[in-house]
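Input: a single structure, listed below in structure tokens.
The structure displayed is predicted, hence computed values, not measured ones. All ligand and atom numbering here is 1-based and tracks the order in the structure. Note: hydrogens, waters and symmetry copies are ignored here, and every other heavy atom, side chains too, is used.
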Amino acid sequence: MLNVKACIFDLDGVIVDTARHHFAAWQALANELVIPFTEEDNEQLKGVSRVDSLEYILRKGNLILDSATKLQLMDKKNALYLGLAESTTSVDVLDGIVPLMDEMADSKIQIGLGSSSKNARMILKKLDLIHRFDTIVDGNNITLSKPDPEVFLKAAKAMDVSPEHCLVFEDAQSGIEAAKTGGFPVVGVGSGLETAHASFESLNGLSLEGIIGKLDFSQ
Ligand code: B16
Ligand code: MG
């Protein structure tokens, strides 16, 4: 059985369902720009940084804008997102996360965050989870967004654990690719994530041991 010394959690879509707020905010912005933006487009943007997400939408609408306008649009999206995420509290932590973190703490397994979001610390505070993390690497600490493995490599390094002993939890295709490129075992949370080493619709009711037992490295 894999010897797990640390776990790295993605934030949006794994710990809390703020992914729907990112979607709603981008959709509102795209509507204003008269660019169609579907759930399928949103799937492409999960785990992708704010600037890369905007570039994706502009490309889709064949819109070329100057950098000042792009900054304004990113600020606008973020304000919309913050408005939607405002009422987030500890009751919004997704089922299964707290028991898993309790099990990790009891087994002296370190806990890290690997998120592309610049709002990660603020959300973790609202969820009353921030004290549980040994390290937090987020959109403010990275230069390359997922699918680049930088965010996970930095978190593993901060915990002094090599990637093969560090289990990543991800809800996005870009995040699974990032983890695999970095040499991490990765668990997919949600549907359509078969490229992960194990995937579950939800982490509710699962134990870390049970999850590790399901990892399949044959692909
Ligand atoms: P922000 P994760 C990602 O967080 C989201 O999945 C993605 O939709 C968002 O665009 C990105 O963070 C940047 O977020 O605008 O708050 O800096 O899934 O990597 O935790
Ligand atoms: Mg995510």
Side-chain angles (χ1 to χ4, degrees), residues 7-30 37-58 60 70-86 88 92-94 97 111-127 129-130 133 135-155 168-179 181-182 184 186-193 195-196 199-203:
C7 290
I8 302 176
F9 289 88
D10 170 58
L11 177 68
D12 297 307
V14 171
I15 292 178
V16 60
D17 188 16
T18 35
R20 70 199 157 100
H21 299 323
H22 283 292
F23 177 45
W26 282 127
Q27 198 166 43
L29 196 84
F37 186 71
T38 62
E39 292 230 19
E40 217 167 277
D41 292 316
N42 190 55
E43 276 309 308
Q44 310 290 314
L45 298 189
K46 283 187 179 170
V48 173
S49 69
R50 204 178 302 170
V51 60
D52 289 348
S53 301
L54 178 66
E55 293 293 356
Y56 172 97
I57 292 170
L58 296 180
K60 205 181 167 207
K70 286 184 198 173
L71 279 178
Q72 273 175 11
L73 291 175
M74 284 193 283
D75 283 350
K76 196 165 193 176
K77 183 270 172 178
N78 197 44
L80 288 167
Y81 169 75
L82 292 178
L84 294 167
E86 170 81 60
T88 303
D92 297 308
V93 177
L94 290 175
I97 292 292
I111 300 177
L113 188 85
S115 166
S116 304
S117 177
K118 293 187 170 171
N119 295 300
R121 280 180 183 268
M122 181 270 293
I123 297 286
L124 285 179
K125 280 185 198 153
K126 278 181 175 290
L127 297 173
L129 285 181
I130 197 155
F133 286 84
T135 192
I136 293 174
V137 181
D138 65 22
N140 299 293
N141 315 119
I142 51 171
T143 49
L144 299 163
S145 149
K146 299 166 190 173
D148 189 279
E150 183 184 11
V151 69
F152 297 134
L153 290 171
K154 274 200 164 169
V168 171
F169 291 82
E170 254 297 344
D171 72 314
Q173 221 39 271
S174 61
I176 288 167
E177 200 182 321
T181 305
F184 295 85
V186 57
V187 173
V189 184
S191 48
L193 301 171
T195 55
S199 74
F200 303 93
E201 205 48 59
S202 150
L203 297 175

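- Put simply, the side chain of E170 reaches to within 4.5 Å of the side chain of F152, judged on heavy atoms.
- Looking at heavy atoms from C-beta onward, H22 lies out of side-chain contact with V48 at the 4.5 angstrom threshold.
- Distance check: C7 SG to L113 CG gives 12.5 Å after rounding to the nearest 0.5 Å.
- The contact shell of ligand 1, taken as protein residues with any non-hydrogen atom closer than 4.0 angstrom, comprises D10, L11, D12, H22, L45, K46, G47, V48, R50, S53, K77, S115, S116, S117, K118, N119, K146.
- When only modelled atom types and interatomic distance are considered, E177 and T195 share no side-chain donor-acceptor pair under 3.5 Å.
- Excluding waters, the count of protein N/O/S atoms less than 2.8 Å from the Mg ion (ligand 2) comes to 3.
- Contact check for T18 versus Y81: side-chain heavy atoms found under the 4.5 Å cut-off.
- Residue pairs meeting the salt bridge (charged side-chain N to carboxylate O under 4.0 Å, His left out) criterion with at least one partner in residues 7-20, sequence neighbours excluded, are D10-K146, D17-R20.
- Not counting sequence neighbours, the partners of D138 by the side chain to side chain contact (heavy atoms under 4.5 Å, CB included) test are A120, R121, I136, N140, N141.
- Ring planes of F133 and F9: perpendicular class, angle over 60° (limits at 30 and 60°).
- Taking both residues in full, the closest heavy atoms of E86 and K126 are given as O-NZ, 2.6 Å, listed atom of the first, atom of the second, then distance.
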